[in-house]
Colleague: 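Here you go, one structure.
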Amino acid sequence: MRSGGGELLLLLHGLGGSRVVWEPVVGLLEAEREVIVLDMPGFGKAPPLPDGVEPSAANLAAAIKARCDELGVERPHVAGNSLGGWVALEMGREGWAASVTALSPAGLWRKPLGPRRRDPQMLARRLRPLISLALGLRRPREAMLSSFSAHPERIPVRAGRELVLGWIDANGYEGANRAMRTHLFDPGGYPEDVPVTIAWGERDRLVGPPKPERRPAGARFLTLPEVGHTPTWDDPELIARTLLEGSNVYQRRQ
């Protein structure tokens, strides 16, 4: 999806998500940015990476760069959430992004997370018919969404259903999750000409904020009040403002 006017701003969702996570903020961005929203490989409507290519953040970044080339998009501002934030950081490292804004990015933990003891997606697939029914009920739906949202009651029924079932059905989830838990983001030697904003949800229940040494040197760090890991429905105005400020390179360099 491509809309709006002004400088190019590319938006990348997190692990198990799709471009639907940006719906609350796109309209708030369009007056000042030309917004491009993509599904990452293996999620939403995008095909996975080719067989034999590990879906690491670096390889996902390369695939997104190739997609941008196909669209005639050169060096956009890039913003991402969770795994999408890590992918955005990798795009900045390669010089493919004019600026990076990462919302609760993955990969900034101190050591690899290692494999999970249980596979939640596999269990959810077995229970998919029951989960699909439960998503029609407010309390079960909000309980499912509360893992990543501080205010699940603000997520529309349609979007909540699409988010949960999209995660269950995502054929890229297993490989991307394994790669995410195996690797670390390396902040060393990050290019000085790529402004970076790292913003963390105050009520993020999935990942804690990174230590200063795990961030690129000179990165601006923000704590976003009263929002969770995927904060776009929690406070759309705050998130849109954060993305606009992060991609305002001229203002950032004053």
Side-chain angles (χ1 to χ4, degrees), residues 1 3 11-30 35 37-40 42-46 79-85 101-106 116-174 176-177 180 199-209 222-243:
M1 185 184 76
S3 59
L11 303 178
L12 301 174
H13 61 80
L15 179 71
S18 70
R19 58 188 181 184
V20 70
V21 304
W22 299 108
E23 287 181 355
V25 301
V26 168
L28 300 172
L29 298 169
E30 288 174 333
V35 182
V37 190
L38 297 178
D39 287 329
M40 291 205 294
F43 300 96
K45 297 180 180 180
N81 171 229
S82 192
L83 176 59
T101 304
L103 306 177
S104 293
R116 303 185 76 156
R117 295 183 178 180
R118 297 183 178 87
D119 183 344
Q121 190 196 41
M122 181 180 297
L123 176 60
R125 283 181 170 177
R126 293 173 180 170
L127 299 176
R128 191 185 192 283
L130 293 176
I131 292 173
S132 181
L133 289 173
L135 286 168
L137 304 173
R138 180 179 61 82
R139 287 187 178 180
R141 181 178 65 254
E142 291 181 2
M144 287 184 249
L145 300 174
S146 66
S147 63
F148 60 83
S149 174
H151 296 282
E153 73 280 0
R154 298 177 185 173
I155 302 178
V157 174
R158 177 200 58 80
R161 181 178 183 83
E162 189 170 344
L163 288 168
V164 175
L165 296 182
W167 164 67
I168 292 174
D169 296 337
N171 56 16
Y173 176 83
E174 182 180 2
N177 184 47
M180 183 187 74
W200 221 269
E202 181 182 52
R203 294 177 58 183
D204 190 330
R205 296 175 56 186
L206 292 179
V207 185
L222 306 174
T223 299
L224 304 178
E226 287 299 307
V227 302
H229 185 72
T230 299
T232 45
W233 279 279
D234 292 334
D235 193 336
E237 290 78 13
L238 173 63
I239 301 310
R241 187 165 65 250
T242 301
L243 300 183

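Just so it is clear, the values below take in all heavy atoms, side chains as well, and ignore hydrogens, waters and symmetry mates. Position 1 is the first residue of the sequence, and the numbers go up from there. Just so it is clear, the structure is predicted and the values come from calculations on it, not from any experiment.
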Colleague: Evaluate the side chain to side chain contact (heavy atoms under 4.5 Å, CB included) criterion for residues Ile168 and Ile131: first the C-alpha distance (whole Å), next the side-chain angles of each, then the deciding distance (0.1 Å), finally the verdict.
Modeller: CA-CA 10 Å; Ile168 292 174; Ile131 292 173; 3.9 Å; yes
Colleague: Within the structure provided, determine whether Arg154 and Ser149 are in side-chain contact (heavy-atom separation under 4.5 Å).
Modeller: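 A side-chain contact under 4.5 Å is absent here.
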Colleague: Could you give the distance from OG (Ser146) to CD (Glu153), rounded to the nearest 0.5 Å?
Modeller: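 Going from OG on Ser146 over to CD on Glu153, the span is 10.0 Å.
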Colleague: Could you tell me whether the side chain of Gln121 and the main chain of Ala170 form a donor-acceptor pair under 3.5 Å?
Modeller: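 Yes, because the side chain of Gln121 sits within donor-acceptor range (under 3.5 Å) of the backbone of Ala170.
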Colleague: Locate the shortest heavy-atom distance separating Ser82 from His229; write the atom from each residue and the value.
Modeller: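 For Ser82 versus His229, the nearest heavy atoms are OG-NE2, 2.8 Å.
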Colleague: Distance check, rounded to the nearest 0.5 Å: Leu163 atom CG versus Arg141 atom CZ?
Modeller: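 That separation rounds to 11.5 Å.
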Colleague: Give a yes or no on this: more than 12 heavy atoms of other residues, nucleotides or ligands lie within 6.0 Å of atom CZ of Arg125.
Modeller: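 Correct, the count exceeds 12.
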Colleague: Judged by atom type as modelled, is there a donor-acceptor pair below 3.5 Å linking the side chain of Asp234 to the main-chain atoms of Glu226?
Modeller: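 Judged by distance alone, no pair lies under 3.5 Å.
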Colleague: For the CG atom of Leu145 and the CG atom of Leu135, what is their distance to the nearest 0.5 Å?
Modeller: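 Reported value, rounded in 0.5 Å steps: 7.5 Å.
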Colleague: Does any non-hydrogen side-chain atom of Arg128 lie less than 4.5 Å from one of Asp169?
Modeller: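 Yes; the side chains approach each other to less than 4.5 Å.
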Colleague: Can you see which heavy atom on Pro236 is nearest to which on Pro24, and at what distance?
Modeller: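 Looking at all heavy atoms of both residues, the closest pair is CB-O, 3.7 Å.
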Colleague: Using the side chain to side chain contact (heavy atoms under 4.5 Å, CB included) definition, which of the options Asn81, Val25, Asp204 pairs with Pro231?
Modeller: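 Answer to the side chain to side chain contact (heavy atoms under 4.5 Å, CB included) test with Pro231 among Asn81, Val25, Asp204: Asn81.
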Colleague: Taking the side chain as every heavy atom from C-beta outward, state whether Leu11 and Leu243 have any atom pair closer than 4.5 Å.
Modeller: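 Side-chain contact under 4.5 Å: yes.
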Colleague: Looking at every non-hydrogen atom in both residues, tell me the closest pair between Leu206 and Ser147 and how far apart they are.
Modeller: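 For Leu206 versus Ser147, the nearest heavy atoms are CG-O, 3.4 Å.
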Colleague: With a 4.0 Å cut-off, would you call Arg158 and Glu162 a salt bridge?
Modeller: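 Result for this pair is yes, salt bridge flagged.
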Colleague: I need the Leu222 CG to Trp200 CH2 distance, nearest 0.5 Å.
Modeller: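 So the gap between those two atoms works out to 12.0 Å.
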Colleague: Checking Glu30 side chain against Val35 main chain: does a donor-acceptor pair fall under 3.5 Å?
Modeller: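 Judged by distance alone, no pair lies under 3.5 Å.
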Colleague: For residues Ser104 and Gly201, report the shortest heavy-atom separation together with the two atoms involved.
Modeller: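 Here Ser104 and Gly201 meet closest at OG-N, 3.4 Å.
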Colleague: Backbone N or O of Thr232 within a donor-acceptor pair of the Trp22 side chain at under 3.5 Å?
Modeller: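 Such a contact is absent between Trp22 side chain and Thr232 backbone.
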Colleague: Side chains of Ser132 and Arg161: is there a donor and an acceptor less than 3.5 Å apart?
Modeller: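 Present: a donor and an acceptor within the cut-off.
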Colleague: For the pair Arg19 (side chain) and Gly44 (backbone), establish whether a donor and an acceptor sit closer than 3.5 Å, ignoring hydrogens and angles.
Modeller: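 Side chain of Arg19 to backbone of Gly44, a donor-acceptor pair under 3.5 Å: no, none is there.
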Colleague: Side-chain contact, heavy-atom cut-off 4.5 Å: Trp233 with His151?
Modeller: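 SC-SC contact between Trp233 and His151 ruled out.
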Colleague: Which distance, rounded to the nearest 0.5 Å, do you find between the CG of Leu123 and the CZ of Arg126?
Modeller: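 Reported to 0.5 Å precision, the distance equals 7.0 Å.
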Colleague: So, taking the atom named CG in Leu83 and the one named OH in Tyr173, what distance separates them when rounded to the nearest 0.5 Å?
Modeller: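 Separation between the atoms: 10.5 Å.
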Colleague: Is there a side-chain contact between Thr223 and Pro209 in this structure, where contact means two heavy atoms from C-beta onward sitting under 4.5 Å apart?
Modeller: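 Thr223 vs Pro209: side chains apart.
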Colleague: Taking the side chain as everything from C-beta on, heavy atoms only, tell me whether Pro140 gets closer than 4.5 Å to Leu133.
Modeller: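 Not in contact.
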Colleague: What are the two closest non-hydrogen atoms of Met180 and Ala106, and how far apart are they?
Modeller: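 In this case the closest contact between Met180 and Ala106 is SD-CB, 3.9 Å.
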Colleague: Could you tell me whether the side chain of Val21 reaches within less than 4.5 Å of the side chain of Phe148, counting heavy atoms only?
Modeller: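 The answer is no, as the side chains (C-beta and beyond) never meet within the 4.5 Å cut-off.
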Colleague: Any non-hydrogen side-chain atom of Met40 less than 4.5 Å from a side-chain atom of His13?
Modeller: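 Sidechains of His13 and Met40: in contact.
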